[in-house]
Amino acid sequence: MSPLAKSHRDEARPGLTERFELFINKHEVCNAYTELNDPVVQRQRFEEQLRNRQDGDDEAMSMDETFCTALEYGLPPTGGWGLGIDRLTMLLTDSQNIKEVLLFPAMKPQDS
């Protein structure tokens with residue numbers, strides 16, 4: 001579920017990653033995680049995501065060879081968080097649905 005996040009430091013908790021989501025007033029405001037910087041593990045996770053994608057998971061990530069190569073050259077320990085302006089606008093305007101604050105319509109394929 002979090003292919004770019006580092007595994008939890010406590011090895012007794014397999015399957016957990018170092019990530020969190022901030023919720024304010026029942027709304028997800030940001031996503032945060034410690035970034036995985038092991039190129040071998042990252043490549044394995046991308047390959048697993050690719051298999052999931054080929055099995056029909058539309059949300060699974062595709063393989064990113066450029067990122068894996070960059071990791072092989074060395075990436076220092078990093079972390080970060082993402083706060084979308086849309087989520088912040090929802091919070092400030094007390095909107096219940098993200099569609100209320102988007103400036104463009106949600107696009108979806110039309111069946112022919």
Side-chain angles (χ1 to χ4, degrees):
M1 186 168 166
S2 304
L4 299 174
K6 190 174 272 191
S7 295
H8 197 279
R9 295 166 204 225
D10 184 356
E11 294 178 14
R13 303 179 77 176
L16 290 181
T17 58
E18 292 187 1
R19 81 182 282 270
F20 72 88
E21 296 173 345
L22 173 65
F23 282 80
I24 298 176
N25 197 24
K26 301 180 186 176
H27 296 286
E28 178 188 336
V29 177
C30 82
N31 231 337
Y33 57 89
T34 304
E35 291 188 25
L36 177 62
N37 57 354
D38 182 331
V40 174
V41 174
Q42 185 64 74
R43 185 175 300 280
Q44 291 169 347
R45 288 191 188 177
F46 275 145
E47 289 169 351
E48 181 181 345
Q49 288 280 307
L50 185 58
R51 285 191 296 275
N52 292 342
R53 188 175 196 81
Q54 291 168 343
D55 289 341
D57 184 353
D58 293 335
E59 294 184 9
M61 297 176 69
S62 56
M63 177 65 80
D64 189 340
E65 284 294 337
T66 306
F67 185 68
C68 289
T69 302
L71 285 178
E72 290 170 0
Y73 281 99
L75 176 68
T78 57
W81 58 276
L83 170 64
I85 191 71
D86 49 359
R87 309 272 181 179
L88 183 59
T89 303
M90 282 179 65
L91 178 66
L92 296 175
T93 61
D94 195 29
S95 299
Q96 298 302 309
N97 189 319
I98 198 165
K99 292 178 184 178
E100 296 174 28
V101 299
L102 292 178
L103 298 176
F104 52 90
M107 303 298 288
K108 66 177 189 172
Q110 295 181 357
D111 296 327
S112 10

For this session: Could you check Leu88 against Val29 for side chain to side chain contact (heavy atoms under 4.5 Å, CB included), going step by step and ending with a plain yes or no?
Result: CA-CA 7 Å; Leu88 183 59; Val29 177; 5.5 Å; no
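Met90 places none of its side-chain heavy atoms less than 4.5 Å from the side chain of Glu100. Using a 4.5 Å heavy-atom threshold, the side chains of Val41 and Leu36 count as touching. Residues Gln44 and Val40 are in side-chain contact: their nearest non-hydrogen atoms beyond the backbone lie under 4.5 Å apart. A heavy-atom distance below 4.5 Å is not found between the side chains of Glu28 and Leu22. Phe67 places a side-chain heavy atom less than 4.5 Å from the side chain of Gln42.
Going from atom OG1 of Thr34 over to atom CD of Glu18 covers 4.0 Å, rounded to the nearest 0.5 Å. Interatomic distance, Leu102 CG to Ile85 CD1, rounded to the nearest 0.5 Å: 12.0 Å. Atom CG of Asp57 sits about 11.5 Å away from atom CG of Leu50, to the nearest 0.5 Å. Once rounded to the nearest 0.5 Å, the distance linking CZ of Arg87 with OG of Ser95 reads 12.5 Å. Note: Leu91 CG to Ile24 CD1 = 5.0 Å, rounded to the nearest 0.5 Å.
Closest non-hydrogen pair, Cys68 versus Pro39, comes out as O-CB, 4.3 Å. Between Glu21 and Arg19 the shortest heavy-atom distance is OE2-NH2, 3.1 Å. Contact between Met63 and Phe46 at its shortest, heavy atoms only, is SD-CB, 3.5 Å. Residues Thr93 and Val101 share a closest heavy-atom pair of OG1-CG1, 3.8 Å. The two residues Asn37 and Leu71 have their closest heavy-atom pair at CA-CD2, 3.9 Å.
More than 12 heavy atoms of other residues, nucleotides or ligands lie within 6.0 Å of CZ in Phe23, so this atom counts as buried by the packing criterion.
Evaluation of the salt bridge (charged side-chain N to carboxylate O under 4.0 Å, His left out) test over residues 29-56, restricted to residues two or more places apart or in two chains, returns Arg43-Glu65, Arg43-Glu72.
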